[in-house]
Amino acid sequence: MTQFSIVVPALNEAGNIDLLLTRLSALNFAPYSFEVIFVDDGSTDGAPDKVRAWRNQSNVHLIERRDKPDLTAATLAGIAAAKSDVIVVMDADLSHPPEQLPAIVTPVLNGNYDVVIGSRYVAGGSTENWPLYRQLLSRAGSWIARPLCDVNDATSGFFAFRRELAACISNHARGYKILLELLMANQGKLRVTEVPICFRDRAQGASKLSLSHQQAYIQRLITLAGGTATLNTAGRFAAVGLFGALIDAVVFQWMISRDAGLALAHFISFFVAAVTNYTFNSKWSFREHHAGYLKWHQFGRFLTVGALALLLRGGVLALLVYVWHIPPLLAIFPAIVATAAVNYLGSAFYVFPSEKDL
Ligand code: GDD
């Protein structure tokens, strides 16, 4: 009987497959036995043939997906096909040393942990031969995920877990964040540990990580944090803000023309604009993520964020003008940007957080 399954997503990894399987075969796992499942996504470099050549002599399997290539979807396909209840996920490019596999899988096999992460960012862990920009991206990616899932290396692609835990991962999950999805889908129910690994950048082939994968990762973190910040909501929020400013100016002019005092005109025009902005933001700007009902307590939050943004604007202006001696006509621009950012983020995370299924 197979005690654990190693799932290896692979895309154009012909130059790495023989060496990976040679090193995996050299490991002494007795009394445990394992299978290796490669999940290929339409490689054009002959990688599937390399895997097929191993199928007769060892417990190696190949899944060839025909869907759009995707790391998470490929990994989930491998997990679904696995014969055992303990899964290890690792890259095909040898950046995850096979020799460190026993330290990762054994604590799950013996039932001490539900998830074991091969971590670059705990004592003893390291990265080698990685360009500085990749090190910084990887560190930043792990650091921003930390408040959500409380591990040091949430973007690691080398980890072991009990297979049943993958059932909670959405079939729509995509990209380079399967470990994060696994941890978040089972939050509060897991015994997780990280063991140090030495990640060594590939010697053959090229990384498939793209800018869109990185954007998708950040977007997913925002959603998992309950926020509704997206390019779409930001664009609509900006349009509503401009419309609100127009309403503010029109009402103010109208009241002044009717001989209302300055204070009253200022107060009423501000209030009308605030109600307009709140209504449009609730019903339109954040509509995909938010139920869209108008609520008094939410309007209160909207005003609170607006007041904080106004205070910040005053603070930034004072700093730039009085401390750094920047002319007020220039200083107003960074002050406006800071106010808009606080207003938007306050709305996306505090006033209109996600009310729909994550
Ligand atoms: N089937 C399939 N489909 N495999 C893929 C796809 C895909 O669309 N995209 C990438 N892979 C495979 C690669 O062939 C490789 O085996 C593994 O996934 C990692 O992809 P890379 O593109 O080489 O990742 P990296 O070297 O930049 O590494 C970073 O991301 C990895 C994702 O797991 C690092 O942070 C790694 O630690 C992390 O494992």
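Note that ligands are numbered from 1 as they come in the structure, with each ligand's atoms numbered from 1 the same way.
Closest to atom 1 (N) of ligand 1 by heavy atom, among Leu94, Thr75, Val39, Asn16, is Val39. Within the set Lys208, His96, His213, the minimum heavy-atom distance to atom 22 (O) of ligand 1 is found for Lys208.
Geometrically, ligand 1 and Phe158 share no nitrogen or oxygen pair separated by less than 3.5 Å.
Between Val39 and Arg65 there is a side-chain heavy-atom pair separated by less than 4.5 Å.
The shell of residues lying under 4.0 angstrom from ligand 1, judged by heavy atoms, includes Arg120.
Set against the non-hydrogen atoms of Gly157, the atoms of ligand 1 under 4.0 Å away are 33 (O), 37 (O), 38 (C), 39 (O). In the vicinity of Asp70, heavy-atom distances shorter than 4.0 Å reach the ligand 1 atoms 3 (N), 7 (C), 8 (O). Of all the atoms in ligand 1, the ones that sit under 4.0 Å from a non-hydrogen atom of Glu13 are 13 (C), 14 (O), 15 (C), 16 (O).
At a heavy-atom cutoff of 4.0 Å, ligand 1 is contacted by both the backbone and the side chain of Pro9. The part of Phe199 lying near ligand 1 is the side chain, judged by heavy-atom distances below 4.0 Å. In Leu71, the parts holding a heavy atom less than 4.0 Å from any atom of ligand 1 are both the side chain and the backbone.
Ring-plane geometry between Phe34 and Phe4 is classed as parallel, the angle between the planes falling under 30 degrees on a 0 to 90 degree scale with a further cut at 60.
Pairs passing the side chain to side chain donor-acceptor pair (under 3.5 Å) check and including a residue from residues 321-345, sequence neighbours excluded, read Thr233-Tyr344.
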